[in-house]
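Shown next, in structure tokens, is the structure this report addresses.
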Amino acid sequence: MAQEDVFKKIVSHCKEYGFVFPSSDIYDGLAAVYDYGQNGVELKNNIKEYWWKSMVLLHENIVGIDSAIFMHPTIWKASGHVDAFNDPLIDNRDSKKRYRADVLIEDQIAKYEEKINKEVEKARKKFGEAFDEAKFRETNPRVLDNQKKRDALHERYSEAMNAMDLNELKQIILDEGIVDPISGTKNWTDVRQFNLMFSTEMGSTADSASKIYLRPETAQGIFVNFQNIQRTTRKKVPFGVCQVGKSFRNEITPGNFIFRIREFEQMECEFFCKPDTDLEWFDYWRSYCHNWLLNLGIHDDNLRLRDHAKEELSFYSKATTDIEYLFPFGWGELWGIADRTDYDLTRHQEHSGKDLSYFDQEENRKYIPYVIEPSLGADRVALAFLCDAYDEEVIDEAKNDKRIVLRLHPALAPMKAAVLPLSKKLSEEAGNIYAELSKHFSVDYDDAGSIGKRYRRQDEIGTPFSITYDFDSKEDGCVTVRDRDTMEQTRIPVSGLVKYIEERLEF
Ligand code: GAP
């Protein structure tokens, strides 16, 4: 099946099974804004809970906070968001569609890379075992030609982006002959800057109202509390501060369902360390984050760690790695790990006039700590877990027996178990089991339809254990537990159920 179709199926599955609904659905939705349904909210809460446990509870030198969404407007001046949190936009006069100029150029770079890869694959098929890819790339004239064009474009583009030279970005689009995918024309406007922050007014009268912003990242709430947290925890560097919360960006090219949206949640950690130890901590967080995803069952084949080249780094960053996931629509950034140096604290020190340096007693000197920031989007990683878990399994080809199963890690599954009485006559006893398990986990109860149909409904929302209470249960005090992935059934004493499930939720 084409990956595009797989993605369509995942999106409709999410709506059909109460994971994600378009926001304001009965009013035909609001662009790039989504609501989480009964299963989606459990999944997202589990992700946030396991992130919090791994970051805050498992590190004795990390604490958490919850800062306000509204913050003093100068914070966004200091952080650079007022002046530099911009996308370069270009409109096509014929289609009346708006595009990000940088994305149009990046797509063009990708086209050269695709051409090169196609040549390589063609040659691999032709020469079979004897194929020497490195030599082919070094010598084939078509590959060399496309590589030259790609590198020249990449260099020109990087320079234009670093200087935010809008005229040059437009010139690149014209020189490369990039056409609008809808109208097919090159009738482009000039490139303009567009700030991604949402703003609103605070204050009751027009005179006293001041412009404030909805935060575009949670990180700044941590930086501006650095002094408060260090003073009240008396933590010594290195220490970290985490928070989970909503962020807002007026994205120009939102899309791919909940991958790029305008209201989203971030899980961010700002890890403060000694200036000369930053790269060591950067490596630590790079592999910690990678392992976190693997431990929660994401297939490693679908992950890659992409180090930013020098010209791609943000102006304040010394090193950045994106952990990317292979979504059905292609590779996309999941988790950004950045060495932000002392940029943010220094800027806030300058703009607030407050001393944000740290006194290192061991070294008997003051310095502004460096910061390593692992930043993960809760919605984006939820989408990655859903894509990774979605499976259409053929059980019996001849009978056309198939099932959709979400193979989510049990720790993330919205429901940990479902209690299914074999007959409505057993609802009192099954109800007691449900009541007991509900004290420990999120549990579903379903007594409608055949047992086979009920199992399938649980597979579709990823419930790892379905517990059937039957007529023998009354006699032997046991229930049948069906495993979602293997469909194997095991007889287990009711008294051992909590332990049985608990052991399987560990990650
Ligand atoms: N404080 C650093 C920061 O915000 P970022 O790369 O802009 O860095 C970090 O965002 C993470 O937040 C991304 O890797 C992604 O997972 C998530 N994210 C960013 N913009 C998003 C959007 N529009 N929709 C959903 N998730 C988003």
Side-chain angles (χ1 to χ4, degrees), residues 20 23 30-34 36 40 44 47-48 51 67 69 71 75-76 78-81 84-87 100 102-103 194-198 213-224 240-271 282 285-286 289-290 292-293 298 303-308 312-317 319-325 327 329 331-341 343-345 347-348 371-387:
V20 181
S23 162
L30 181 66
V33 185
Y34 288 89
Y36 284 79
K44 199 151 91 137
I47 292 171
K48 290 188 282 183
W51 182 86
S67 70
I69 287 172
M71 295 202 274
I75 288 173
W76 304 112
S79 68
H81 283 82
F85 196 51
N86 298 312
D87 275 347
R100 274 175 54 181
D102 54 333
V103 172
F194 180 84
N195 194 285
L196 299 185
M197 283 195 293
F198 283 103
Y213 299 98
L214 300 193
R215 67 179 177 201
E217 61 172 16
T218 62
Q220 298 303 325
I222 297 177
F223 294 127
V224 298
V241 183
C242 285
Q243 91 164 315
V244 177
K246 289 261 177 164
S247 293
F248 304 84
R249 294 182 191 176
N250 197 1
E251 298 280 3
I252 310 310
T253 49
N256 287 328
F257 193 37
I258 52 172
F259 178 81
R260 183 169 288 111
I261 42 186
R262 295 197 166 106
E263 175 180 340
F264 56 100
E265 268 186 290
Q266 287 185 310
M267 306 188 280
E268 301 202 281
C269 174
E270 306 305 323
F271 191 79
F282 179 76
W285 285 112
R286 212 173 160 273
C289 298
H290 184 199
W292 188 87
L293 293 165
I298 286 219
L303 291 175
R304 73 177 181 195
L305 274 67
R306 198 178 66 77
D307 299 325
H308 283 210
E312 203 188 338
L313 290 173
S314 303
F315 59 93
Y316 53 77
S317 177
T320 297
T321 297
D322 291 340
I323 302 185
E324 297 185 335
Y325 179 76
F327 291 95
F329 50 82
W331 290 100
E333 177 192 333
L334 209 55
W335 209 328
I337 297 124
D339 180 341
R340 294 180 74 121
T341 65
Y343 172 77
D344 300 272
L345 289 180
R347 295 281 291 179
H348 288 304
V371 171
I372 306 301
E373 177 199 65
S375 173
L376 176 63
D379 310 85
R380 226 175 246 193
V381 78
L383 181 61
F385 281 122
L386 284 164
C387 292

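For ligands, and for the atoms within them, numbers begin at 1 and follow the listed sequence.
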**Protein residue, atom and distance nearest to atom 10 (O) of ligand 1, heavy-atom basis** = Gln266 NE2, 3.4 Å

**Side chain proximity check, Leu293 to Val381, heavy atoms < 4.5 angstrom** = yes

**Prompt:** Is the closest side-chain heavy-atom distance between Met267 and Ile47 below 4.5 Å?
**Reply:** yes

**Asked** Just by modelled atom types, is the Met197 backbone N or O under 3.5 Å from a matching donor or acceptor in the Asn195 side chain?
**Response** yes

**Asked** Are the side chain of Arg100 and the backbone N or O of Asp87 linked by a donor-acceptor pair below 3.5 Å?
**Response** no

**Complete:** One finds that the ligand 1 atoms under 4.0 Å from a non-hydrogen atom of Leu334 are 14 (O), 15 (C), 16 (O)

**Prompt:** Looking only at distance, does Gly377 have an N or O less than 3.5 Å from an N or O of ligand 1?
**Reply:** yes

**Request:** Test Phe248 against every option in Phe198, Phe264, Tyr213 by the side chain to side chain contact (heavy atoms under 4.5 Å, CB included) rule and name the one that passes.
**Result:** Phe198

**Message:** Return the closest protein heavy atom for atom 25 (C) of ligand 1 as residue, atom name and distance.
**Reply:** Phe259 O, 3.1 Å

**From the candidates Ser375, Gly336, Ala378, the one that places a heavy atom nearest atom 9 (C) of ligand 1** = Ser375

**Prompt:** Taking side chain as C-beta onward, heavy atoms only, is Arg380 less than 4.5 Å from Arg260?
**Reply:** yes

**Message:** Is there a side-chain contact between Glu263 and Leu214 in this structure, where contact means two heavy atoms from C-beta onward sitting under 4.5 Å apart?
**Reply:** no

**Message:** At under 4.0 Å between heavy atoms, is it the side chain or the backbone of Thr218 that contacts ligand 1, or both, or neither?
**Reply:** neither

**Request:** Please say whether Pro216 places an N or O atom under 3.5 Å from an N or O atom belonging to ligand 1.
**Result:** no

**Prompt:** Can you tell which part of Arg262 has a heavy atom less than 4.0 Å from ligand 1: side chain, backbone, both or neither?
**Reply:** neither

**Message:** Need the ligand 1 atom indices (1-based, order shown) with element for anything under 4.0 Å from a heavy-atom of Arg340.
**Reply:** 1 (N), 2 (C)

**Message:** So if I count the atoms of ligand 1 from 1 in the order they appear, which ones are less than 4.0 Å from some heavy atom of Glu268?
**Reply:** 1 (N), 2 (C), 3 (C), 4 (O)

**Prompt:** Nearest protein heavy atom to atom 2 (C) of ligand 1, by residue and atom, and its distance?
**Reply:** Glu373 OE1, 3.1 Å

**Asked** Which bit of Gln220 is near ligand 1, meaning a heavy atom under 4.0 Å away: side chain, backbone, both or neither?
**Response** neither

**Message:** I'd like to know if the side chain of Gln243 and the backbone of Thr218 have a donor-acceptor N/O pair within less than 3.5 Å.
**Reply:** yes

**Message:** For atom 15 (C) of ligand 1, what is the closest protein heavy atom, and at what distance to 0.1 Å?
**Reply:** Arg380 NH1, 3.5 Å

**Check: Glu217 N/O within less than 3.5 Å of ligand 1 N/O** = yes

**Request:** Give the residue and atom name of whichever protein heavy atom lies nearest to atom 14 (O) of ligand 1, and the separation in Å to one decimal.
**Result:** Glu333 OE2, 2.6 Å

**Prompt:** Between the side chain of Thr320 and the main-chain N/O of Leu313, is any donor-acceptor distance below 3.5 Å?
**Reply:** no

**Prompt:** Does the side chain of Phe282 come within less than 4.5 Å of Thr321's, by heavy atoms?
**Reply:** yes

**Request:** Using non-hydrogen atoms of the residue, decide whether Asp379 is closer than 4.0 angstrom to ligand 1.
**Result:** no

**Request:** For atom 7 (O) of ligand 1, find the nearest protein heavy atom and state the residue, atom name and distance (0.1 Å precision).
**Result:** Arg249 NH1, 2.8 Å

**Item:** atom 24 (N) of ligand 1 [closest protein heavy-atom partner, distance rounded to 0.1 Å]
**Value:** Ile261 N, 3.0 Å

**Prompt:** Are the aromatic ring centres of Tyr325 and Phe327 under 6.0 angstrom apart?
**Reply:** yes

**Request:** Measure the distance from atom 18 (N) of ligand 1 to every protein heavy atom, then report the residue, atom name and distance (to 0.1 Å) of the closest one.
**Result:** Phe264 CE1, 3.6 Å

**Message:** Heavy-atom contact check, 4.0 Å cutoff: does Arg215 meet ligand 1?
**Reply:** no

**Request:** Dump the intermediate steps for salt bridge (Lys or Arg N to Asp or Glu O under 4.0 Å) on Glu268 and Arg340, then the final yes or no.
**Result:** CA-CA 13 Å; Glu268 301 202 281; Arg340 294 180 74 121; 5.6 Å; no

